[in-house]
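Here the structure comes first, spelled out in structure tokens, and everything after it is commentary.
FYI, side chains are in, hydrogens and waters are out, and symmetry mates aren't considered; it's all heavy atoms of this structure.
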Amino acid sequence: MPSQPPGRHRERHRRLPPRPDAERRALALAASPGPWQANDEHDEVLAVDGITVAEGFALSGRQLRTTVDHIVAHNPAAVLADLDAKRAIVDEHPAATGWDGREIDGNVCRTCSETSQDGELAGDPHPCRTLRLLAQPFAGHPDHKGEEWAP
């Protein structure tokens, strides 16, 4: 690795593009309160206040019960907890300046980079593999960067 000028490992305050998870968060906050649960027959999804959120009447048998259970598992409280955990992971992987394999002052992930003996960062380009993996569920979103964010 080429020698890097001292002090080049400053963090960059560049964030990832607008958060596609904001849409999911807004939907979860606007939905009936969670956690949700299935009724005794597993043919309805009930909000925490007992109000029916969804009915599985169009389905039959095992498919009905598993669909209702799937909806229950993705209640607003679970979605918000999942989004908060993923946002915390994103926040743990900020961009910083360092050797990215092409440029001395390239974008690298502060968390995934290694620090050389002279205190400089070196690693894969930002966004790191962790962030690219977290972005995969949003692949169809207009803000997703396609191949640039492929794991």
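Within the 3.5 Å criterion, the main-chain N or O of A150 finds a donor-acceptor partner in the side chain of R132. In this structure, S116 contributes its side chain and E120 its backbone to a donor-acceptor pair below 3.5 Å. Between the side chain of E44 and the backbone N or O of I51, no donor-acceptor pair lies under 3.5 Å. In this structure a side-chain-to-backbone donor-acceptor pair under 3.5 Å is missing from D100 to I104. Judged by distance alone, with hydrogens and angles left aside, the side-chain atoms of H126 form a donor-acceptor pair with the main-chain N or O of H93 at under 3.5 Å.
Summarising the geometry of P76 relative to A28, their closest heavy-atom pair is CB-O, 3.3 Å, with the distance given to 0.1 Å. Across all their heavy atoms, A77 and P35 have their closest contact at CB-N, 4.2 Å. The nearest pair of heavy atoms linking L131 to V90 is CD2-CA, 3.6 Å. Nearest heavy atom pair, residue C109 against residue S113, reads O-OG, 2.5 Å. Residues P125 and R102 share a closest heavy-atom pair of CG-NH1, 3.9 Å. Taking each heavy atom of V53 and A47 in turn, the nearest pair found is CG2-N, 3.5 Å.
Counting heavy atoms from C-beta outward, E23 and F138 have side chains that stay 4.5 Å or more apart. Annotation: side chain of P151 is in contact with side chain of Q136 (closest heavy-atom distance under 4.5 Å). Between T111 and P94, the closest side-chain pair of non-hydrogen atoms falls below 4.5 Å. Inter-residue side-chain proximity for P33 and D49 is flagged as met; some heavy-atom pair is nearer than 4.5 Å. Side-chain contact between L134 and I89: present, with at least one pair of heavy atoms (C-beta onward) separated by less than 4.5 Å. E114 has its side chain out of reach of L121: every pair of non-hydrogen atoms, C-beta onward, lies at least 4.5 Å apart.
Remark: R25 engages D84 in a salt bridge, criterion side-chain N to carboxylate O under 4.0 Å.
The CZ atom of R24 lies 9.0 Å from the NE2 atom of H141; values are rounded to the nearest 0.5 Å. Interatomic distance, K86 NZ to T130 OG1, rounded to the nearest 0.5 Å: 13.5 Å. Taking OG of S32 as the reference point, atom CG of L46 lies at 10.5 Å (rounded to 0.5 Å). Atoms CD and CG, from E55 and N39 in turn, are 9.5 Å apart once rounded to the nearest 0.5 Å. Taken to the nearest 0.5 Å, the CG atom of L29 stands 5.0 Å off from the CG atom of L80.
Summarising the local packing, CG of D43 is surrounded by more than 12 heavy atoms from other residues, nucleotides or ligands at distances under 6.0 Å.
Note: the hydrophobic cluster containing V79 does not contain V72 (ILVMFWY, side chain heavy atoms under 4.5 Å, direct or indirect links). Hydrophobic clustering (ILVMFWY, side-chain heavy atoms < 4.5 Å, transitive): V48 and W36 are in distinct clusters.
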